[in-house]
Amino acid sequence: MIEVGVLRDNNITDDVETIDRVVVRAIIRKKDKYLMIFSDTYDNYFFPGGGLLPYENNIKGLKREVLEETGMKVDRVFKTFGYIDEIKNHKFKNNYFKQRTFYYFCNTNGFGVKKLEKHEKNYKVKWISLDDALEANEKVLNKPLFVIREIMIIKKLKEEIANERFRGNKQI
């Protein structure tokens with residue numbers, strides 16, 4: 001598993017107390033395109049996924065989140081690609097949280113029902129090349145951490161694919 005990097009909001013030091021959050025995201029490929037979510041809030045792309053519920057392990061949460069955001073059912077999870085840590089201000093409380101986002105290679109098979117939350121209503125599911133997603137994300141002005149996170153993971157994925165390090169399909 002690759003540690004892709006650590007991101008932090010401005011003025012946050014290593015000694016702050018944090019609340020931990022685990023997020024899982026799916027890397028789903030069809031030929032030279034990847035399943036991604038487009039959000040018109042920032043005109044950016046990101047891999048489908050989200051935060052775990054208290055009773056979920058990473059794989060269960062990944063399957064639930066992909067279904068909710070895309071309507072597609074994950075049937076196989078092959079391997080963990082890597083993770084990125086983010087240390088950021090909590091939006092609604094006076095504290096910080098450390099989010100570790102794991103990325104998994106997956107396949108989908110079949111469709112279910114999308115269950116978008118209110119803040120996700122503007123999400124559009126798209127098959128897009130990594131180059132096009134990267135170009136769109138790099139155009140975002142005043143990039144929030146989540147856009148920087150996706151830029152980092154896309155660049156690392158492109159690098160690893162170019163080096164042919166991820167060819168196996170062993171299910172986890």
Side-chain angles (χ1 to χ4, degrees), residues 1-10 12 18 20-52 58-59 61-72 74 77-91 96-108 114-163 165-166:
M1 180 180 343
I2 300 168
E3 179 185 330
V4 177
V6 177
L7 297 169
R8 64 182 72 231
D9 277 337
N10 294 332
I12 296 180
T18 60
D20 291 339
R21 179 174 190 243
V22 176
V23 171
V24 289
R25 298 201 174 276
I27 300 171
I28 302 166
R29 181 178 178 180
K30 183 168 60 172
K31 297 187 181 178
D32 63 340
K33 306 282 185 185
Y34 289 79
L35 183 70
M36 298 189 84
I37 306 295
F38 175 78
S39 171
D40 62 11
T41 303
Y42 289 96
D43 292 332
N44 69 296
Y45 289 90
F46 56 92
F47 290 100
L52 296 182
N58 287 19
I59 304 305
L62 181 71
K63 290 179 177 184
R64 176 187 54 78
E65 282 287 348
V66 171
L67 178 62
E68 287 177 0
E69 289 185 355
T70 70
M72 300 176 86
V74 170
V77 179
F78 294 108
K79 63 174 69 175
T80 308
F81 174 66
Y83 66 91
I84 295 177
D85 287 334
E86 296 171 72
I87 303 169
K88 49 192 173 181
N89 297 315
H90 193 283
K91 286 182 183 178
Y96 305 101
F97 70 90
K98 179 180 180 183
Q99 176 175 299
R100 177 162 284 179
T101 303
F102 292 94
Y103 291 80
Y104 294 90
F105 289 105
C106 305
N107 275 353
T108 58
K114 272 184 175 181
K115 293 182 185 176
L116 296 176
E117 295 179 24
K118 186 177 180 179
H119 71 277
E120 299 171 329
K121 295 296 182 191
N122 68 332
Y123 288 4
K124 294 174 183 64
V125 178
K126 297 197 176 191
W127 290 96
I128 186 169
S129 71
L130 292 177
D131 289 334
D132 290 345
L134 181 60
E135 181 180 343
N137 286 0
E138 286 181 331
K139 288 181 180 176
V140 174
L141 301 175
N142 301 316
K143 294 172 184 59
L145 282 185
F146 62 85
V147 174
I148 297 168
R149 178 193 68 221
E150 294 300 305
I151 289 171
M152 289 173 65
I153 203 74
I154 291 168
K155 285 181 176 179
K156 190 63 169 178
L157 183 55
K158 285 173 51 94
E159 176 187 317
E160 295 298 313
I161 290 169
N163 292 328
R165 292 188 182 137
F166 286 93

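Atom set for the values below is all heavy atoms of this structure, side chains included, hydrogens, waters and symmetry mates excluded. Starting from 1, each residue takes its place in the sequence as its number. Keep in mind that this is a model prediction, so the values were computed, not measured.
Closest of all the heavy-atom pairs between Ile153 and Tyr103 is CD1-CD1, 3.6 Å. Residue Leu62 comes nearest to Ala26 through the heavy atom pair CD1-N, 3.6 Å, listed as atom of the first residue, atom of the second, then distance. Summarising the geometry of Val77 relative to Cys106, their closest heavy-atom pair is CG2-SG, 4.1 Å, with the distance given to 0.1 Å. Thr70 approaches Pro48 most closely through the heavy-atom pair CG2-CB, 3.8 Å. Here the shortest heavy-atom pairing between Gly61 and Leu52 reads CA-CD2, 3.7 Å.
Asn44 places no side-chain N or O within 3.5 Å of a backbone atom of Val147 that could act as its donor or acceptor partner. With hydrogens and angles disregarded, a donor-acceptor distance shorter than 3.5 Å links the side chain of Arg29 to the backbone of Lys31.
The only member of Phe81, Phe78, Phe47 that meets ring pair (Phe, Tyr, Trp, His ring centres under 6.0 Å) when paired with Phe105 is Phe81. Paired with Leu157 under the rule side chain to side chain contact (heavy atoms under 4.5 Å, CB included), one option of Leu134, Ile27, Ile2 passes, and it is Ile27.
Between Tyr83 and Phe102, the ring planes lie tilted relative to each other; the angle falls in the 30° to 60° range.
Ion pairing of Asp20 with Lys98 is absent here, as no side-chain N (NZ or NE/NH1/NH2) approaches a carboxylate O to less than 4.0 Å. For the pair Lys143 and Glu150, the salt-bridge criterion is not met [side-chain N within less than 4.0 Å of a carboxylate O]. Between Glu159 and Lys155, none of the side-chain N atoms (NZ, or NE/NH1/NH2) sits under 4.0 Å from a carboxylate O, so this pair counts as no salt bridge.
Within the 4.5 Å cutoff, the side chain of Lys124 has heavy atoms near those of the Asp40 side chain.
With rounding to the nearest 0.5 angstrom, the NZ atom of Lys30 is 8.5 Å from the CG atom of Leu35. For the atom pair CE of Met72 and CD1 of Ile28, the computed distance is 6.5 Å after rounding to the nearest 0.5 Å. Atom-to-atom distance recorded for Leu141:CG and Tyr42:OH is 11.0 Å, nearest 0.5 angstrom. Between the CD atom in Glu3 and the NZ atom in Lys156 there is a gap of 10.5 Å [rounded to 0.5 Å]. The CZ atom of Arg25 sits 6.0 Å away from atom OG1 of Thr101, with the distance rounded to the nearest 0.5 Å. Considering OH of Tyr123 and CD of Glu69, their distance stands at 6.0 Å, rounded to 0.5 Å.
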Starting from the C-alpha separation in whole Å, work towards a yes-or-no answer on side chain to side chain contact (heavy atoms under 4.5 Å, CB included) for Leu7 and Met152. CA-CA 10 Å; Leu7 297 169; Met152 289 173 65; 3.5 Å; yes
Given side chain to side chain contact (heavy atoms under 4.5 Å, CB included), test Lys88 with Tyr96 step by step and report yes or no. CA-CA 6 Å; Lys88 49 192 173 181; Tyr96 305 101; over 6 Å; no
Does the side chain to side chain contact (heavy atoms under 4.5 Å, CB included) test come out yes or no for Arg149 and Leu145, once each step is laid out? CA-CA 6 Å; Arg149 178 193 68 221; Leu145 282 185; over 6 Å; no
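Aromatic pair Tyr34/Tyr45: centroids not less than 6.0 angstrom apart.
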